[in-house]
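In the text below, chain A, chain B and the rest are named by the order of the sequence lines, each starting its count at 1.
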Protein chains: 2
Amino acid sequence: MSDLLERLRGRGWRMTAQRRVVAEVLDGEHVHLTADEVHSRAVGKLPEISRATVYNTLGELVSLGEVLEVATDKRAKRYDPNAHRPHHHLVCSQCGAIRDVHPNGNPLADLPDAERFGFTVSDVEVTYRGTCPNCAAA
Amino acid sequence: MSDLLERLRGRGWRMTAQRRVVAEVLDGEHVHLTADEVHSRAVGKLPEISRATVYNTLGELVSLGEVLEVATDKRAKRYDPNAHRPHHHLVCSQCGAIRDVHPNGNPLADLPDAERFGFTVSDVEVTYRGTCPNCAAA
DNA sequence: GCTTGACTTAGACATTGTCTATTGTAGGAT
DNA sequence: ATCCTACAATAGACAATGTCTAAGTCAAGC
């Protein structure tokens with residue numbers, strides 16, 4: 001699991017207890033946490049860590065491309081540590097549950113030049129919405 | 001342009017000056033406004049309109065399916081009055097400009113059953129990201 | 001073991017969105 | 001046309017999320 005820590009160190013990241021804890025939280029479980037959830041869990045391991053540090057660290061991880069920001073539609077951004085395998089998201093409109101999914105095809109290729117308006121298009125994000133089995137049962 | 005107002009009236013919407021103004025703002029230009037921008041423009045036409053009313057009205061328009069909420073990644077949700085023609089979005093990562101686009105293909109069909117995890121998938125949202133000509137020039 | 005500049009902290013501040021209690025009013029009833 | 005009433009609007013407090021600053025702390029190189 002410390003691939004992440006190794007990579008970061010390799011990039012000249014100054015390794016502090018706080019950053020280690022944030023990285024561990026993200027690397028630990030494969031879920032999509034909000035910044036606040038990351039903070040709560042980090043506090044469990046390092047009680048004096050501050051909110052600002054968590055936000056800063058998350059921002060840096062995103063800049064470095066180690067973590068993805070996911071804006072589904074909830075109020076808070078979520079952070080996805082699965083940045084190295086391209087994937088998209090399936091979101092439950094009712095409870096907000098998120099799953100990683102791997103659709104066929106390449107949506108980037110589906111955007112004709114005439115629809116690019118001179119943009120240099122570099123990335124696509126696909127969000128499927130629906131109802132998860134739990135919410136459907138209720 | 002008062003198609004929108006007509007449709008709303010037909011659905012039993014109680015027509016107030018405030019709601020009319022909000023609907024006009026959205027119906028007027030084909031842009032993607034934040035709630036706050038809608039409020040500012042509404043204030044221009046009806047100075048005493050309150051923020052809460054704008055939020056309420058936008059929420060109702062979304063529930064009625066007359067307006068779409070777009071969560072690109074900026075802090076604020078944006079509202080897209082183009083709810084009746086399916087389309088997706090192309091966003092400039094630098095300045096945040098948004099264009100409506102119409103890719104080929106149907107991404108819904110590209111999600112195999114094995115990747116649906118028992119969800120009932122009803123909708124897809126595709127966000128292309130890149131750099132707009134303006135920002136590329138700079 | 002020093003030094004130094006990058007990192008962290010607490011908490012104020014900013015932005016976006018929600019809620020409540022009160023007041024106002026659209027539109028049907030008379 | 002006027003009155004009633006339920007629904008809508010208002011101001012402003014509150015909540016949630018994110019950003020900034022000034023001051024203290026510490027990792028890493030010397």
Chemist: What is the distance, rounded to the nearest whole Å, between atom CE of B:Met15 and atom P of C:dG27?
Modeler: 8 Å
Chemist: Think B:Arg14 has a side-chain N or O under 4.0 angstrom from the OP1 or OP2 of D:dA9?
Modeler: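 So the side-chain polar atoms of B:Arg14 never come under 4.0 Å of the phosphate oxygens OP1 or OP2 of D:dA9.
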Chemist: Between A:Lys45 and A:Glu24, is the closest basic N to carboxylate O distance under 4.0 Å?
Modeler: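 Between A:Lys45 and A:Glu24 there is a salt bridge, with a charged N closer than 4.0 Å to a carboxylate O.
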Chemist: Looking at D:dA8, D:dG18, D:dA27, which one has an atom nearest to any side-chain atom of A:Lys77?
Modeler: D:dG18
Chemist: Rounded to the nearest angstrom, tell me the gap between atom CG in B:Asp36 and atom P in D:dG18.
Modeler: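 Those two atoms, CG and P, are 17 Å apart.
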Chemist: Are OP1 or OP2 of C:dT18 and a side-chain N or O of B:Tyr55 less than 4.0 angstrom apart?
Modeler: no
Chemist: How close or far is atom C1' of D:dA8 from atom CZ of B:Arg11, stated in whole angstroms?
Modeler: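 Going from CZ in B:Arg11 over to C1' in D:dA8 covers 19 Å.
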Chemist: In this structure, how many angstroms lie between the P atom of D:dA28 and the CZ atom of A:Arg9, rounded?
Modeler: 7 Å
Chemist: Do A:His89 and A:Arg99 touch side chain to side chain, with heavy atoms closer than 4.5 Å?
Modeler: no
Chemist: Starting at CG of A:Leu46 and ending at P of D:dC26, how long is that distance when rounded to a whole Å?
Modeler: 12 Å
Chemist: Hey, quick one: are B:Val62 and B:Leu33 part of the same hydrophobic cluster, counting side-chain heavy atoms closer than 4.5 Å, chains of contacts allowed?
Modeler: yes
Chemist: Nearest heavy atom decides the nucleotide; on that basis, is B:Ala17 or A:Val54 closer to the 5' end of DNA chain C?
Modeler: A:Val54
Chemist: For C:dT9, does either OP1 or OP2 sit under 4.0 Å from a side-chain N or O belonging to A:Gln18?
Modeler: yes
Chemist: Which part of the nucleic acid, if any, lies within reach of A:Thr53 when heavy atoms closer than 4.0 Å are counted: base, sugar-phosphate only, or nothing?
Modeler: base
Chemist: Just N and O in the side chain of A:Arg51: are any of them under 4.0 Å from OP1 or OP2 of C:dG11?
Modeler: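 Result: no.
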Chemist: More 5' along DNA chain D: B:Arg19 or B:Ala52, using each one's nearest nucleotide?
Modeler: B:Arg19
Chemist: At less than 4.0 Å, is any side-chain N or O atom of B:Ser50 found next to OP1 or OP2 of D:dG12? Yes or no.
Modeler: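 No, no such contact exists.
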Chemist: Below 4.5 Å, heavy atoms only, C-beta onward: do B:Trp13 and B:Arg19 meet side chain to side chain?
Modeler: yes
Chemist: Taking atom C1' of C:dG24 as reference, at what distance in whole Å does atom CD of B:Glu48 sit?
Modeler: 12 Å
Chemist: Return the value, rounded to whole Å, for the distance between atom CD of A:Glu69 and atom C1' of D:dG18.
Modeler: 11 Å
Chemist: Donor-acceptor pair, distance only, cut-off 3.5 Å: does the side chain of B:His39 make one with the backbone of B:Glu37?
Modeler: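 No; zero donor-acceptor contacts below 3.5 Å.
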Chemist: Over how many whole Å does the gap from B:Leu33 atom CG to C:dT16 atom C1' extend?
Modeler: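 Whole-Å distance recorded here is 16 Å.
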